[in-house]
Amino acid sequence: MKAFFLFRIKILFCIFLAAACLLAACNQDEPTRRVDLSERKQIRTQRELDSLTYACLPQYSHRVSFSRHHQLVEYLAEKTGLPIRQVFPDSFEAHAKMVGEGKIDISFSNPLVYTRIADTYQARAFARIVEKNGSPTFRGQIICRADNKAIQNLRDCRNKRWMAVAPTSAAGYLFALDHFLAHGITKNDFRGITFAPGPGGKQEKVVQAVYLGEADIGSIREGTLDLVRDQVELDAIRVLANTRQYPSWVYAARKELDPDVVERIKQALLELDPNQPAHRRILELAHFQSIIPAEDADFDPIRRLTDEVEVKSVE
Amino acid sequence: MNKRIFSIQRLKIKTKFHLALSAVILCLGLVLGIIGTHIAATELIRENKERGKVLASNLAYRSEEPLLAMDFLRLKNLVDEVQKANPDLRYAFILDPAGRVLVHTFEQGFPVQLLDVYTGQTSVNQFSSMLLLTDQGKIYDFAAPVQIKADQLGTVRIGMHRKRLEEMIKWLSLWIFGLTAGTTILALAVASWFSSRFTNRIKALTDSANEMVKGNLSVYSAPEPKRHCWEINNCQAVSCPAYGDTRRRCWYITGTLCPFYHLNQDEEGDFNCLNCKVYQENAGDEIQELAEAFDYMAMTLDQRIKQTQQAEKELSRQKEVLRTTLDVTPDMVALQDESLVYQAANKAFCSYFQLTEADILGKTDFDIFSEYQADQNYHEDMQILMTGKPLSKEISVSQGDTEIWFHILKVPVYTEGRISGLLLTARDISVIKQYQERLVQSQKMEDLGRLAGGVAHEINTPLGIILGYAQMLLEDVEPDSQMAADIQVIEKQTKICSNIVSDLLGFSRQNQTTKTEVNINESIEEVISLVEHTFGLSRVQILTDFDPNIPDIDGDKDKLKQVWMNLLNNAFDAIQQDGYIRITTKLCAHRRRVAITVTDTGAGIKQEILNKIFDPFFSTKPVGKGTGLGLSVTFGIIKDHGGRINVLSPAPKEYIKEIPNEGRPAGPGTVFLVELPLWYMELPEEECEELGLGGAQS
């Protein structure tokens with residue numbers, strides 16, 4: 001009996017040691033690949049400088065811009081047979097400047113920036129979008145926190161902190177300013193007007209600022225709230241007012257761009273049919289319903305608005 | 001192998017405990033160290049990979065915007081920042097979708113072979129990693145795609161040194177094994193301390209057991225409780241057996257008065273003592289329980305042994321008493337079992353049959369006695385065993401010339417209601433038998449005396465008439481005539497007859513007794529004065545030694561003088577001539593009686609007739625010289641006075657030594673011893689010490 005007991009102990013001991021040895025034998029060595037780091041060469045970036053450039057006004061982040069317009073750019077390149085690539089200016093000013101400098105051949109901007117580049121750099125509008133709601137116009141929205149009891153109407157916005165998208169933002173600033181002016185509230189009535197900091201993503205930043213309490217009220221483009229649905233709790237945001245409708249975003253070509261090229265691009269854009277699944281997919285990504293022709297005169301209301309706002313602001 | 005096992009078995013438990021614990025702890029420490037190191041290393045590598053993945057993914061994410069904006073400066077800053085923030089990052093670079101290097105952190109050209117690392121993979125559109133073996137050591141290469149949805153903007157690659165990881169693994173292993181070693185040493189120390197405590201307690205038990213083996217039962221293995229039950233409960237029950245008992249736990253003591261006692265389940269199934277605070281405070285672990293039980297066992301054993309020793313002592317004493325009783329009794333006693341085998345025999349039994357106890361015990365009658373006797377006994381004994389009726393009988397056994405009578409009693413012995421043996425007692429009743437014979441003889445003598453007395457009384461009157469007429473005739477005839485001579489013969493013979501008749505009347509105690517105050521010494525001297533002269537003629541001298549303190553006794557003076565006369569005549573007849581007669585008187589102890597001795601230096605009395613000398617008409621004298629009534633009459637007179645008479649022959653030296661030697665014949669001599677009670681007293685049963693009659697026969 002005792003011998004059997006000792007035998008069992010020895011067997012257990014051996015199993016224990018064997019398991020330990022097996023574990024010890026399992027080293028962490030993985031398959032390797034030999035690489036000689038000493039073999040080197042200087043690299044040089046090859047940029048496709050001969051392509052047409054397509055830029056979207058950076059109201060959203062580059063990522064959003066890329067996501068929305070990447071398919072459209074590919075469609076245009078394929079449709080027109082022209083080499084087209086998307087570029088990403090960091091700000092509205094940069095966008096306008098790049099148009100002026102010829103770095104942006106096809107500009108997709110809001111009507112306010114368009115009037116700037118059109119008036120300054122003679123860019124030509126050739127198409128504009130129909131919003132997802134079917135309207136060729138768009139508007140801005142004035143938002144505040146839903147639980148901010150101090151702000152119940154526009155009048156309550158006096159002496160409040162206002163964050164707008166950018167001074168050149170149409171729906172994100174100008175439309176709202178016009179709306180405030182129409183209701184007798186001037187810039188000086190606010191405790192302060194700030195603009196979304198940093199490059200790109202400015203619409204989202206305004207919503208974030210209001211949500212976090214950095215600003216009492218914010219002005220954004222209609223549709224922005226849906227965009228930030230995943231980042232901000234929308235129940236916490238209250239739309240205080242909607243501005244008037246203005247012509248929607250516009251495609252413009254720089255002054256020197258070959259009119260034939262412009263025409264081919266315009267045709268390609270106009271041919272985007274929301275009834276075709278492939279086109280609908282492109283349009284949905286770009287958050288358009290369709291694209292319609294446009295001409296510079298379509299944006300005169302904006303020019304008038306700008307003038308009025310500037311006058312009223314001065315007054 | 002067996003030798004090794006046995007050698008292990010010979011080791012002390014403490015050593016075995018140490019060895020086993022050391023082996024187990026060492027093995028466990030080793031295995032746990034190996035496993036721990038392995039797990040830690042695996043986790044570190046995994047974490048490192050995860051970190052690389054996070055770094056690469058983060059860099060890829062942060063590269064999106066600069067990539068889209070084709071802002072190479074920002075890209076360059078990004079990769080440089082990442083490398084700067086992570087010391088173990090060997091390199092970082094970003095590729096465009098075509099696999100062309102956009103920015104990198106290498107200072108002198110880009111290692112082109114890094115571009116071929118993932119060659120063979122269809123596309124690096126998902127996270128990948130690979131361990132590279134370079135001249136600068138092993139490097140983990142992580143590749144993370146820069147993607148916006150399904151569109152790939154480029155690829156981020158980072159390379160992390162494995163050296164730091166390996167150093168960490170090494171450092172970790174060192175720590176783990178160090179901690180394991182430390183823990184092992186600590187565990188061994190604790191185990192050693194624990195085993196020492198454990199084995200010391202077992203050793204204490206072993207020492208106690210050894211002491212018990214040596215016979216010392218006053219051992220204590222369990223520690224004395226710090227507080228006792230009466231202290232904890234503040235109990236005042238001094239009559240409780242547990243009160244004041246400092247060694248035993250109260251739950252081991254039966255009959256305690258504690259209301260919580262005992263360790264049995266109560267009606268609700270709970271153990272009373274388990275809920276008792278005394279038990280909760282004083283109860284120990286299993287070893288303490290064992291030690292307490294051990295102490296209790298030793299104490300109980302000690303008590304039992306003492307009780308047994310006491311019982312054994314008592315038994316031995318009773319056995320000794322029984323043995324002594326059996327041995328000192330003159331009766332023969334033997335005990336046989338139901339198979340008639342002797343189980344016990346007393347000294348008298350052994351002595352009678354001239355056997356030792358060993359010769360008898362375990363034997364039967366067939367082994368001891370003759371076949372005839374044994375057969376007779378067997379049938380007799382079996383009859384008793386079967387019927388249960390005791391047997392009582394008297395038998396006589398001849399031993400030489402003497403005949404010995406035994407009264408035998410056999411009774412059945414009962415044990416638990418059944419006959420288990422036979423008890424034999426045999427008493428020597430020879431003396432009783434002699435007394436019986438003497439009693440019969442006395443009865444016969446009494447009848448004879450009554451007859452003789454009647455006859456004498458009837459004859460006395462005619463004898464008086466004959467004597468009277470003879471004397472009257474003698475006065476009428478001539479004194480010198482033949483007639484006168486004849487009448488004188490008649491007168492003389494009539495007087496002889498008258499004397500005989502007078503003796504017969506005395507023997508039958510029909511003559512009148514007149515008791516007065518008698519001075520013993522004077523009465524003896526009066527008799528001596530009568531015979532002194534006559535005895536002197538035969539040169540028989542009478543010596544006296546009278547006690548002057550003897551008071552007068554109540555008696556018949558004449559009859560007592562007749563006693564002294566008879567005794568002196570008998571002494572004289574025994575001496576014939578040339579001898580001494582010594583008469584002494586003595587007031588015996590406690591002044592209850594008077595002792596008179598008459599010692600002569602005569603021929604003595606033969607032993608075979610010594611018992612018959614007081615019988616009437618027994619005489620050794622020739623016919624015509626005596627009637628054989630002298631001592632018989634003497635016996636009767638002494639008896640009438642409430643005394644007794646004994647005779648010793650030959651006379652003891654104590655009586656002879658006072659008598660002068662010269663002229664003394666060679667006879668053995670005889671002593672007559674007479675004891676008479678004083679006034680209104682009865683003679684005591686024991687004989688007078690002053691007479692020194694131990695062993696005397698009468």
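Proteins come first, then strands; the chains are lettered A, B, ... in the order of their sequence lines, and each starts at number 1.
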A:Glu78 atom CD, neighbour heavy-atom count above 12 within 6.0 Å | no
Nearest heavy-atom contact between A:Arg33 and B:Val117 is NH1-O, 2.5 Å
d(B:Arg162 CZ, A:Thr32 OG1) to nearest 0.5 Å is 10.0 Å
Above 12 or not: heavy atoms from other molecules or residues under 6.0 Å from NZ of A:Lys97? no
Shortest non-hydrogen pair, B:Asp151 vs A:His70, comes out as OD2-CD2, 2.8 Å
Ranking A:Gln71, A:Gln42, A:Lys41 by heavy-atom pairs under 4.5 Å to chain B gives rank one to A:Lys41
Interatomic distance, NE2@A:His62 vs CG@B:Leu153, rounded to 0.5 Å, equals 11.5 Å
Output for pair (B:Ile148 CD1, A:Phe66 CZ), nearest 0.5 Å, gives 5.0 Å
If you tally heavy-atom pairs under 4.5 Å between each of B:Arg90, B:Gln108, B:Gln113, B:His104 and chain A, the highest tally belongs to B:Gln113
Practice problem: Give a yes or no on this: more than 12 heavy atoms of other residues, nucleotides or ligands lie within 6.0 Å of atom CZ of B:Arg46. | Solution: yes
dist A:Arg40:CZ -> B:Leu114:CG (nearest 0.5 Å) comes out at 8.5 Å
So OG of A:Ser65 and CD of B:Glu65: to nearest 0.5 Å the spacing works out to 8.0 Å
dist A:Arg63:CZ -> B:Leu67:CG (nearest 0.5 Å) comes out at 12.0 Å
Smallest heavy-atom separation, A:Arg34 atom then B:Leu133 atom, equals NH1-CD2, 3.0 Å
Answer key: most heavy-atom pairs under 4.5 Å with chain A among B:Thr134, B:Ile139, B:Asp141 is B:Thr134
**Study point:** Side-chain touch A:Leu37/B:Leu132, heavy atoms, less than 4.5 angstrom
**Key:** no
Checklist line | Flag side-chain contact, heavy atom, 4.5 Å: B:Pro111 against A:Val35 | finding: no
